[in-house]
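All remarks here apply to the structure that follows.
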Protein chains: 2
Amino acid sequence: MNSQHFSTKERILGAAEQLFARLGFAGASLRQVTAAANVNLAAVNYHFGSKENLINEVFRRRLDELNAHRLQALDQALARPGAGLEDLLAAFIHPALDLSLDRGGGGAFVRVLARAYAEHNDALRKFLSDNYGHVMKRFHAAFAQRLPDLDKEELYWRLDIVAGALTYAMADFGVIKRKSGVTEQQHRERSAEHLIRFAAAGLRAP
Amino acid sequence: MNSQHFSTKERILGAAEQLFARLGFAGASLRQVTAAANVNLAAVNYHFGSKENLINEVFRRRLDELNAHRLQALDQALARPGAGLEDLLAAFIHPALDLSLDRGGGGAFVRVLARAYAEHNDALRKFLSDNYGHVMKRFHAAFAQRLPDLDKEELYWRLDIVAGALTYAMADFGVIKRKSGVTEQQHRERSAEHLIRFAAAGLRAP
DNA sequence: TCGTAGGTAAAACGGGCGTTTGAATGCTAC
DNA sequence: GTAGCATTCAAACGCCCGTTTTACCTACGA
(Lines give C-alpha, C1' and ligand atoms only; values in the text may rest on other atoms or scores of the structure.)
Protein backbone atom coordinates (compact mmCIF):
# COMPACT_ATOMS: atom_id res chain seq x y z
CA MET A 1 0.00 0.00 0.00
CA ASN A 2 1.78 3.13 1.27
CA SER A 3 0.40 5.14 -1.57
CA GLN A 4 1.35 8.43 0.05
CA HIS A 5 4.13 10.63 -1.22
CA PHE A 6 6.18 10.45 1.92
CA SER A 7 8.34 7.73 3.33
CA THR A 8 7.34 5.61 6.28
CA LYS A 9 9.73 7.49 8.56
CA GLU A 10 8.40 10.87 7.50
CA ARG A 11 4.80 9.83 7.91
CA ILE A 12 5.50 8.50 11.38
CA LEU A 13 7.22 11.75 12.36
CA GLY A 14 4.32 13.82 11.04
CA ALA A 15 1.66 11.78 12.75
CA ALA A 16 3.63 11.68 16.00
CA GLU A 17 4.00 15.46 15.95
CA GLN A 18 0.26 15.98 15.55
CA LEU A 19 -0.65 13.50 18.25
CA PHE A 20 2.02 14.63 20.72
CA ALA A 21 0.73 18.18 20.31
CA ARG A 22 -2.84 17.10 20.98
CA LEU A 23 -2.38 14.36 23.60
CA GLY A 24 1.11 14.75 25.02
CA PHE A 25 4.02 12.36 24.92
CA ALA A 26 2.57 9.94 27.43
CA GLY A 27 -0.98 10.41 26.20
CA ALA A 28 -0.35 9.50 22.56
CA SER A 29 0.26 5.81 21.98
CA LEU A 30 2.33 4.24 19.24
CA ARG A 31 -0.79 2.46 18.06
CA GLN A 32 -2.49 5.82 17.53
CA VAL A 33 0.60 7.19 15.81
CA THR A 34 1.04 4.29 13.42
CA ALA A 35 -2.68 4.18 12.63
CA ALA A 36 -2.66 7.92 11.79
CA ALA A 37 0.47 7.45 9.68
CA ASN A 38 -1.10 4.44 7.93
CA VAL A 39 1.87 2.34 8.87
CA ASN A 40 2.43 -0.94 10.64
CA LEU A 41 2.83 -0.79 14.42
CA ALA A 42 6.28 -2.36 14.36
CA ALA A 43 7.59 0.32 12.01
CA VAL A 44 8.24 2.72 14.89
CA ASN A 45 10.59 0.37 16.68
CA TYR A 46 12.15 -0.68 13.38
CA HIS A 47 12.92 2.86 12.22
CA PHE A 48 13.39 4.65 15.54
CA GLY A 49 14.24 1.97 18.07
CA SER A 50 11.93 3.20 20.81
CA LYS A 51 9.19 5.69 21.60
CA GLU A 52 11.62 7.93 23.48
CA ASN A 53 13.90 8.11 20.47
CA LEU A 54 10.94 8.87 18.24
CA ILE A 55 10.18 11.84 20.49
CA ASN A 56 13.75 13.07 20.08
CA GLU A 57 13.58 12.75 16.33
CA VAL A 58 10.32 14.70 16.21
CA PHE A 59 12.25 17.54 17.81
CA ARG A 60 15.34 17.14 15.69
CA ARG A 61 13.46 17.32 12.41
CA ARG A 62 12.08 20.78 13.15
CA LEU A 63 14.76 22.22 15.41
CA ASP A 64 17.61 21.68 12.98
CA GLU A 65 15.88 23.96 10.53
CA LEU A 66 14.40 26.34 13.09
CA ASN A 67 17.69 26.97 14.83
CA ALA A 68 19.55 27.32 11.55
CA HIS A 69 17.07 30.03 10.57
CA ARG A 70 17.42 31.68 13.93
CA LEU A 71 21.21 31.76 13.76
CA GLN A 72 21.09 33.02 10.21
CA ALA A 73 18.68 35.78 11.20
CA LEU A 74 20.85 36.60 14.20
CA ASP A 75 23.95 36.88 12.02
CA GLN A 76 22.14 39.20 9.64
CA ALA A 77 20.93 41.32 12.52
CA LEU A 78 24.38 41.54 14.09
CA ALA A 79 25.90 42.47 10.75
CA ARG A 80 23.91 45.67 10.69
CA PRO A 81 25.62 48.40 12.72
CA GLY A 82 22.67 49.79 14.66
CA ALA A 83 21.06 46.49 15.54
CA GLY A 84 19.00 46.79 18.73
CA LEU A 85 16.97 44.64 21.05
CA GLU A 86 14.05 44.51 18.68
CA ASP A 87 16.23 43.11 15.91
CA LEU A 88 17.51 40.33 18.14
CA LEU A 89 14.00 39.49 19.21
CA ALA A 90 12.85 39.49 15.61
CA ALA A 91 15.63 37.06 14.75
CA PHE A 92 14.39 34.79 17.51
CA ILE A 93 10.67 35.15 16.89
CA HIS A 94 10.21 35.30 13.14
CA PRO A 95 11.54 31.83 12.31
CA ALA A 96 9.38 30.25 15.01
CA LEU A 97 6.33 32.25 14.00
CA ASP A 98 6.81 31.22 10.38
CA LEU A 99 6.90 27.66 11.61
CA SER A 100 3.82 28.02 13.80
CA LEU A 101 1.80 29.54 10.97
CA ASP A 102 3.03 27.04 8.43
CA ARG A 103 0.51 25.11 6.41
CA GLY A 104 2.40 21.91 7.29
CA GLY A 105 2.75 20.42 10.74
CA GLY A 106 4.73 23.36 12.07
CA GLY A 107 1.81 24.67 14.10
CA ALA A 108 1.57 21.37 15.87
CA PHE A 109 5.29 21.36 16.52
CA VAL A 110 5.22 24.70 18.29
CA ARG A 111 2.58 23.29 20.59
CA VAL A 112 4.80 20.27 21.18
CA LEU A 113 7.58 22.67 22.07
CA ALA A 114 5.36 24.44 24.59
CA ARG A 115 4.50 21.10 26.14
CA ALA A 116 8.16 20.21 26.43
CA TYR A 117 8.76 23.54 28.13
CA ALA A 118 6.13 22.77 30.74
CA GLU A 119 7.17 19.17 31.24
CA HIS A 120 10.67 19.68 32.64
CA ASN A 121 11.47 16.23 31.28
CA ASP A 122 15.11 15.58 32.17
CA ALA A 123 15.96 13.30 29.26
CA LEU A 124 14.39 15.71 26.79
CA ARG A 125 16.08 18.74 28.36
CA LYS A 126 19.44 17.07 28.06
CA PHE A 127 18.80 16.22 24.42
CA LEU A 128 17.77 19.80 23.65
CA SER A 129 20.65 21.29 25.59
CA ASP A 130 23.18 18.96 23.95
CA ASN A 131 21.95 19.65 20.45
CA TYR A 132 20.79 23.24 20.50
CA GLY A 133 22.36 24.85 23.57
CA HIS A 134 24.79 26.81 21.46
CA VAL A 135 21.96 28.73 19.82
CA MET A 136 20.63 30.04 23.10
CA LYS A 137 24.19 30.90 24.14
CA ARG A 138 24.67 33.09 21.09
CA PHE A 139 21.41 34.93 21.65
CA HIS A 140 22.22 35.29 25.31
CA ALA A 141 25.57 36.91 24.48
CA ALA A 142 23.96 39.30 22.01
CA PHE A 143 21.32 40.32 24.55
CA ALA A 144 23.91 40.72 27.27
CA GLN A 145 25.87 43.18 25.13
CA ARG A 146 22.77 45.30 24.57
CA LEU A 147 21.60 45.19 28.18
CA PRO A 148 24.79 46.06 30.05
CA ASP A 149 22.93 47.42 33.08
CA LEU A 150 21.39 44.05 33.90
CA ASP A 151 23.59 41.78 35.96
CA LYS A 152 24.05 38.20 34.87
CA GLU A 153 21.40 36.76 37.13
CA GLU A 154 18.81 39.34 36.22
CA LEU A 155 19.39 38.85 32.49
CA TYR A 156 19.11 35.11 32.91
CA TRP A 157 15.77 35.57 34.61
CA ARG A 158 14.34 37.82 32.01
CA LEU A 159 15.45 35.76 29.05
CA ASP A 160 13.97 32.72 30.70
CA ILE A 161 10.65 34.49 31.15
CA VAL A 162 10.80 35.85 27.61
CA ALA A 163 11.52 32.45 26.12
CA GLY A 164 8.65 30.92 28.08
CA ALA A 165 6.26 33.71 27.20
CA LEU A 166 7.16 33.57 23.51
CA THR A 167 6.92 29.81 23.38
CA TYR A 168 3.52 29.92 25.01
CA ALA A 169 2.31 32.76 22.82
CA MET A 170 3.42 31.13 19.61
CA ALA A 171 1.80 27.87 20.59
CA ASP A 172 -1.44 29.81 20.90
CA PHE A 173 -1.05 31.51 17.53
CA GLY A 174 -1.66 28.26 15.79
CA VAL A 175 -4.87 27.73 17.72
CA ILE A 176 -6.44 31.19 17.71
CA LYS A 177 -8.11 32.08 14.48
CA ARG A 178 -7.33 35.39 12.88
CA LYS A 179 -9.93 38.04 12.30
CA SER A 180 -11.69 37.91 8.96
CA GLY A 181 -10.41 40.45 6.47
CA VAL A 182 -6.84 39.96 7.60
CA THR A 183 -4.52 37.99 5.39
CA GLU A 184 -2.34 35.40 6.96
CA GLN A 185 0.72 37.46 6.12
CA GLN A 186 -0.74 40.52 7.87
CA HIS A 187 -1.73 38.41 10.82
CA ARG A 188 1.77 37.01 11.06
CA GLU A 189 3.42 40.42 10.92
CA ARG A 190 1.10 41.93 13.48
CA SER A 191 1.64 38.95 15.77
CA ALA A 192 5.39 39.30 15.51
CA GLU A 193 5.14 43.01 16.25
CA HIS A 194 3.08 42.34 19.35
CA LEU A 195 5.54 39.83 20.67
CA ILE A 196 8.62 41.88 19.87
CA ARG A 197 7.31 45.07 21.46
CA PHE A 198 6.11 43.20 24.50
CA ALA A 199 9.35 41.31 25.02
CA ALA A 200 11.55 44.34 24.36
CA ALA A 201 9.64 46.40 26.90
CA GLY A 202 9.94 43.63 29.43
CA LEU A 203 13.67 43.27 28.89
CA ARG A 204 14.27 47.02 29.10
CA ALA A 205 12.23 47.54 32.26
CA PRO A 206 14.27 49.41 34.89
CA MET B 1 -3.69 1.45 59.21
CA ASN B 2 -3.66 5.06 58.00
CA SER B 3 -1.42 6.25 60.77
CA GLN B 4 -0.88 9.60 59.07
CA HIS B 5 -2.50 12.81 60.20
CA PHE B 6 -4.45 13.35 57.04
CA SER B 7 -7.52 11.66 55.71
CA THR B 8 -7.45 9.25 52.80
CA LYS B 9 -8.91 11.87 50.48
CA GLU B 10 -6.36 14.48 51.45
CA ARG B 11 -3.45 12.10 51.07
CA ILE B 12 -4.64 11.08 47.62
CA LEU B 13 -4.94 14.71 46.58
CA GLY B 14 -1.46 15.51 47.84
CA ALA B 15 0.18 12.53 46.18
CA ALA B 16 -1.71 13.14 42.94
CA GLU B 17 -0.56 16.76 42.88
CA GLN B 18 3.08 15.78 43.27
CA LEU B 19 2.91 13.06 40.62
CA PHE B 20 0.88 15.10 38.14
CA ALA B 21 3.48 17.85 38.42
CA ARG B 22 6.32 15.43 37.79
CA LEU B 23 4.79 13.04 35.26
CA GLY B 24 1.72 14.75 33.83
CA PHE B 25 -1.89 13.69 34.01
CA ALA B 26 -1.55 10.83 31.55
CA GLY B 27 1.92 9.91 32.78
CA ALA B 28 1.01 9.43 36.43
CA SER B 29 -1.01 6.29 37.12
CA LEU B 30 -3.50 5.73 39.90
CA ARG B 31 -1.31 2.89 41.12
CA GLN B 32 1.58 5.31 41.58
CA VAL B 33 -0.71 7.83 43.24
CA THR B 34 -2.24 5.39 45.70
CA ALA B 35 1.14 3.87 46.51
CA ALA B 36 2.61 7.30 47.24
CA ALA B 37 -0.43 8.15 49.35
CA ASN B 38 -0.15 4.83 51.18
CA VAL B 39 -3.73 4.04 50.31
CA ASN B 40 -5.57 1.22 48.61
CA LEU B 41 -5.89 1.42 44.84
CA ALA B 42 -9.67 1.32 44.93
CA ALA B 43 -9.79 4.35 47.20
CA VAL B 44 -9.48 6.77 44.28
CA ASN B 45 -12.58 5.47 42.54
CA TYR B 46 -14.40 5.19 45.85
CA HIS B 47 -13.73 8.79 46.93
CA PHE B 48 -13.46 10.54 43.56
CA GLY B 49 -15.33 8.34 41.11
CA SER B 50 -12.74 8.51 38.34
CA LYS B 51 -9.26 9.70 37.50
CA GLU B 52 -10.61 12.67 35.57
CA ASN B 53 -12.61 13.82 38.56
CA LEU B 54 -9.55 13.41 40.77
CA ILE B 55 -7.71 15.79 38.45
CA ASN B 56 -10.51 18.33 38.80
CA GLU B 57 -10.44 18.06 42.58
CA VAL B 58 -6.67 18.57 42.64
CA PHE B 59 -7.32 21.90 40.94
CA ARG B 60 -10.30 22.82 43.08
CA ARG B 61 -8.47 22.31 46.34
CA ARG B 62 -5.86 24.96 45.49
CA LEU B 63 -7.75 27.28 43.18
CA ASP B 64 -10.57 27.99 45.62
CA GLU B 65 -8.03 29.49 47.98
CA LEU B 66 -5.75 31.01 45.33
CA ASN B 67 -8.54 32.84 43.56
CA ALA B 68 -10.08 34.00 46.81
CA HIS B 69 -6.72 35.54 47.72
CA ARG B 70 -6.41 37.09 44.28
CA LEU B 71 -9.84 38.68 44.44
CA GLN B 72 -9.20 39.90 47.95
CA ALA B 73 -5.90 41.46 46.87
CA LEU B 74 -7.60 42.98 43.83
CA ASP B 75 -10.30 44.54 45.99
CA GLN B 76 -7.69 46.01 48.29
CA ALA B 77 -5.76 47.39 45.33
CA LEU B 78 -8.85 48.91 43.75
CA ALA B 79 -9.86 50.49 47.07
CA ARG B 80 -6.73 52.64 47.02
CA PRO B 81 -7.22 55.76 44.91
CA GLY B 82 -3.97 55.78 42.92
CA ALA B 83 -3.83 52.07 42.17
CA GLY B 84 -1.87 51.43 38.96
CA LEU B 85 -0.89 48.58 36.73
CA GLU B 86 1.76 47.36 39.13
CA ASP B 87 -0.78 47.04 41.92
CA LEU B 88 -3.07 44.94 39.79
CA LEU B 89 -0.21 42.73 38.75
CA ALA B 90 0.88 42.38 42.35
CA ALA B 91 -2.62 41.28 43.29
CA PHE B 92 -2.42 38.63 40.61
CA ILE B 93 1.13 37.48 41.23
CA HIS B 94 1.66 37.56 44.97
CA PRO B 95 -0.93 34.94 45.92
CA ALA B 96 0.39 32.53 43.28
CA LEU B 97 3.99 33.20 44.23
CA ASP B 98 3.18 32.55 47.87
CA LEU B 99 1.66 29.28 46.80
CA SER B 100 4.61 28.33 44.62
CA LEU B 101 7.10 29.00 47.39
CA ASP B 102 5.00 27.27 50.01
CA ARG B 103 6.55 24.58 52.10
CA GLY B 104 3.53 22.39 51.34
CA GLY B 105 2.63 21.01 47.94
CA GLY B 106 1.98 24.46 46.50
CA GLY B 107 5.14 24.42 44.42
CA ALA B 108 4.03 21.24 42.77
CA PHE B 109 0.60 22.70 42.13
CA VAL B 110 1.96 25.69 40.24
CA ARG B 111 3.81 23.28 37.98
CA VAL B 112 0.56 21.36 37.50
CA LEU B 113 -1.06 24.65 36.53
CA ALA B 114 1.65 25.33 33.94
CA ARG B 115 1.09 21.87 32.51
CA ALA B 116 -2.63 22.47 32.26
CA TYR B 117 -1.90 25.74 30.48
CA ALA B 118 0.20 23.95 27.87
CA GLU B 119 -2.16 21.02 27.48
CA HIS B 120 -5.18 22.83 26.07
CA ASN B 121 -7.28 20.02 27.51
CA ASP B 122 -10.87 20.85 26.65
CA ALA B 123 -12.52 19.18 29.62
CA LEU B 124 -10.12 20.84 32.01
CA ARG B 125 -10.47 24.24 30.35
CA LYS B 126 -14.22 24.04 30.71
CA PHE B 127 -13.92 23.11 34.36
CA LEU B 128 -11.56 26.02 35.04
CA SER B 129 -13.63 28.47 33.03
CA ASP B 130 -16.85 27.39 34.74
CA ASN B 131 -15.41 27.64 38.22
CA TYR B 132 -12.93 30.49 38.03
CA GLY B 133 -13.73 32.47 34.90
CA HIS B 134 -15.17 35.33 36.92
CA VAL B 135 -11.79 36.01 38.51
CA MET B 136 -10.08 36.58 35.16
CA LYS B 137 -13.03 38.76 34.09
CA ARG B 138 -12.56 41.05 37.06
CA PHE B 139 -8.84 41.41 36.44
CA HIS B 140 -9.48 41.99 32.77
CA ALA B 141 -11.88 44.84 33.53
CA ALA B 142 -9.44 46.46 35.92
CA PHE B 143 -6.63 46.27 33.37
CA ALA B 144 -8.87 47.60 30.61
CA GLN B 145 -9.64 50.68 32.68
CA ARG B 146 -5.94 51.41 33.18
CA LEU B 147 -4.95 50.74 29.57
CA PRO B 148 -7.54 52.79 27.67
CA ASP B 149 -5.31 53.19 24.61
CA LEU B 150 -5.26 49.46 23.91
CA ASP B 151 -8.19 48.23 21.89
CA LYS B 152 -10.05 45.16 23.06
CA GLU B 153 -8.21 42.73 20.87
CA GLU B 154 -4.79 44.06 21.74
CA LEU B 155 -5.51 43.94 25.46
CA TYR B 156 -6.77 40.41 25.14
CA TRP B 157 -3.53 39.41 23.45
CA ARG B 158 -1.31 41.00 25.99
CA LEU B 159 -3.13 39.64 29.01
CA ASP B 160 -3.02 36.21 27.45
CA ILE B 161 0.72 36.48 26.97
CA VAL B 162 1.18 37.90 30.45
CA ALA B 163 -0.83 35.11 32.05
CA GLY B 164 1.13 32.50 30.14
CA ALA B 165 4.48 34.10 30.94
CA LEU B 166 3.65 34.43 34.62
CA THR B 167 2.41 30.88 34.85
CA TYR B 168 5.60 29.61 33.26
CA ALA B 169 7.78 31.81 35.39
CA MET B 170 6.13 30.83 38.64
CA ALA B 171 6.33 27.17 37.77
CA ASP B 172 10.06 27.70 37.40
CA PHE B 173 10.40 29.49 40.73
CA GLY B 174 9.69 26.32 42.58
CA VAL B 175 12.42 24.50 40.70
CA ILE B 176 15.23 27.06 40.62
CA LYS B 177 17.11 27.28 43.87
CA ARG B 178 17.75 30.67 45.34
CA LYS B 179 21.21 32.04 45.82
CA SER B 180 22.82 31.34 49.19
CA GLY B 181 22.69 34.26 51.57
CA VAL B 182 19.20 35.21 50.45
CA THR B 183 16.30 34.40 52.72
CA GLU B 184 13.24 32.87 51.23
CA GLN B 185 11.29 36.01 51.99
CA GLN B 186 13.82 38.16 50.14
CA HIS B 187 13.85 35.74 47.25
CA ARG B 188 10.09 35.86 47.05
CA GLU B 189 9.93 39.63 47.06
CA ARG B 190 12.63 40.00 44.45
CA SER B 191 10.92 37.41 42.26
CA ALA B 192 7.63 39.23 42.49
CA GLU B 193 9.35 42.52 41.62
CA HIS B 194 10.93 40.97 38.54
CA LEU B 195 7.67 39.61 37.30
CA ILE B 196 5.67 42.76 38.03
CA ARG B 197 8.13 45.10 36.34
CA PHE B 198 8.46 42.83 33.37
CA ALA B 199 4.75 42.38 32.90
CA ALA B 200 3.94 46.05 33.45
CA ALA B 201 6.50 47.10 30.87
CA GLY B 202 5.10 44.60 28.40
CA LEU B 203 1.53 45.78 28.94
CA ARG B 204 2.49 49.45 28.62
CA ALA B 205 4.54 49.01 25.46
CA PRO B 206 3.42 51.49 22.77
C1' DT C 1 -26.60 -6.69 71.02
C1' DC C 2 -27.47 -6.48 66.68
C1' DG C 3 -27.99 -4.17 62.14
C1' DT C 4 -26.30 -1.02 59.23
C1' DA C 5 -23.55 2.32 56.83
C1' DG C 6 -18.93 3.99 55.63
C1' DG C 7 -14.63 2.85 54.72
C1' DT C 8 -10.76 -0.35 53.43
C1' DA C 9 -8.90 -4.58 51.42
C1' DA C 10 -7.34 -7.98 47.86
C1' DA C 11 -8.29 -9.70 43.62
C1' DA C 12 -9.79 -9.76 39.24
C1' DC C 13 -11.90 -7.51 34.94
C1' DG C 14 -11.12 -6.34 29.99
C1' DG C 15 -8.25 -3.75 27.44
C1' DG C 16 -4.33 -0.96 25.85
C1' DC C 17 0.56 -0.36 26.36
C1' DG C 18 5.69 -0.63 24.26
C1' DT C 19 8.28 -4.02 22.35
C1' DT C 20 9.80 -8.37 19.99
C1' DT C 21 9.48 -12.12 16.88
C1' DG C 22 9.60 -14.58 12.63
C1' DA C 23 7.72 -15.04 8.35
C1' DA C 24 6.40 -12.63 3.98
C1' DT C 25 7.48 -9.16 0.74
C1' DG C 26 9.79 -5.88 -2.25
C1' DC C 27 14.06 -4.22 -4.36
C1' DT C 28 18.85 -4.07 -6.05
C1' DA C 29 23.06 -5.96 -7.67
C1' DC C 30 25.20 -9.71 -9.55
C1' DG D 1 17.01 -15.53 -12.15
C1' DT D 2 18.57 -15.51 -7.89
C1' DA D 3 21.06 -14.10 -3.68
C1' DG D 4 21.01 -10.81 -0.27
C1' DC D 5 19.32 -7.06 2.05
C1' DA D 6 15.88 -3.74 3.72
C1' DT D 7 11.35 -3.22 4.81
C1' DT D 8 6.62 -4.53 6.01
C1' DC D 9 3.38 -7.42 8.25
C1' DA D 10 0.41 -10.10 11.58
C1' DA D 11 0.76 -11.97 15.78
C1' DA D 12 2.15 -12.46 20.16
C1' DC D 13 4.91 -11.18 24.46
C1' DG D 14 4.53 -9.63 29.32
C1' DC D 15 3.11 -5.78 31.70
C1' DC D 16 0.45 -1.97 33.45
C1' DC D 17 -3.75 0.65 32.93
C1' DG D 18 -8.54 2.48 35.05
C1' DT D 19 -12.26 0.41 36.94
C1' DT D 20 -15.30 -2.99 39.33
C1' DT D 21 -16.40 -6.54 42.34
C1' DT D 22 -16.78 -8.83 46.54
C1' DA D 23 -15.59 -9.56 51.12
C1' DC D 24 -14.19 -7.72 55.43
C1' DC D 25 -13.58 -4.49 59.07
C1' DT D 26 -15.15 -0.98 62.26
C1' DA D 27 -18.05 2.23 64.62
C1' DC D 28 -22.39 3.85 66.07
C1' DG D 29 -27.52 4.40 66.75
C1' DA D 30 -31.60 1.51 67.70
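Letters A, B, ... mirror the listed sequences (proteins, then strands); counts begin at 1.
Ring geometry for A:Tyr156 versus A:His140: interplanar angle of 30 to 60°, hence tilted. The aromatic rings of A:Phe59 and A:Phe25 are tilted relative to each other, their planes meeting at an angle between 30° and 60°.
Residues that satisfy the side chain to side chain donor-acceptor pair (under 3.5 Å) test with B:His194, not counting sequence neighbours, are A:Glu154. In this structure, the salt bridge (charged side-chain N to carboxylate O under 4.0 Å, His left out) partners of A:Asp98, at least two apart in sequence or on a different chain, are A:Arg188.
A donor-acceptor pair under 3.5 Å links the side-chain atoms of A:Arg70 to the main chain of A:Phe92, judged by distance alone.
Sequence neighbours left out, the pairs with a member in residues 131-143 of chain A that pass salt bridge (charged side-chain N to carboxylate O under 4.0 Å, His left out) are A:Asp75-A:Arg138.
Taking the ring centroids of A:Tyr117 and B:Tyr168, they lie under the 6.0 Å cut-off. Aromatic rings from A:Phe20 and A:Phe109 are positioned such that their centres are separated by 6.0 Å or more.
Shown for residues 24-32 of chain B: residues whose heavy atoms fall under 4.0 angstrom of DNA chain D, namely B:Ala28, B:Ser29, B:Leu30, B:Arg31. Heavy-atom distances under 4.0 Å link DNA chain D to B:Asn45, B:Ser50, B:Lys51 of residues 43-62 of chain B, given in residue order.
The rotation axes computed at either terminus of the helix from C:dT1-D:dA30 to C:dC30-D:dG1 lie 10° apart, taking five pairs at each end and rounding to 10 degrees.
Taking a cutoff of 4.0 Å between a charged side-chain nitrogen and a carboxylate oxygen, B:Arg204 and B:Glu86 qualify as a salt bridge.
Of the candidates C:dA12, C:dA9, C:dT8, the closest approach to any side-chain atom of B:Leu41 belongs to C:dA12.
Close to C:dA10, at under 4.0 Å from its OP1 or OP2, lies a side-chain N or O of B:Asn40.
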- Message: Using side-chain contact (heavy atoms from CB on, under 4.5 Å), reason through B:Leu195 and B:Met170 one step at a time and then give a plain yes or no.
- Response: CA-CA 9 Å; B:Leu195 293 179; B:Met170 288 186 293; 3.9 Å; yes
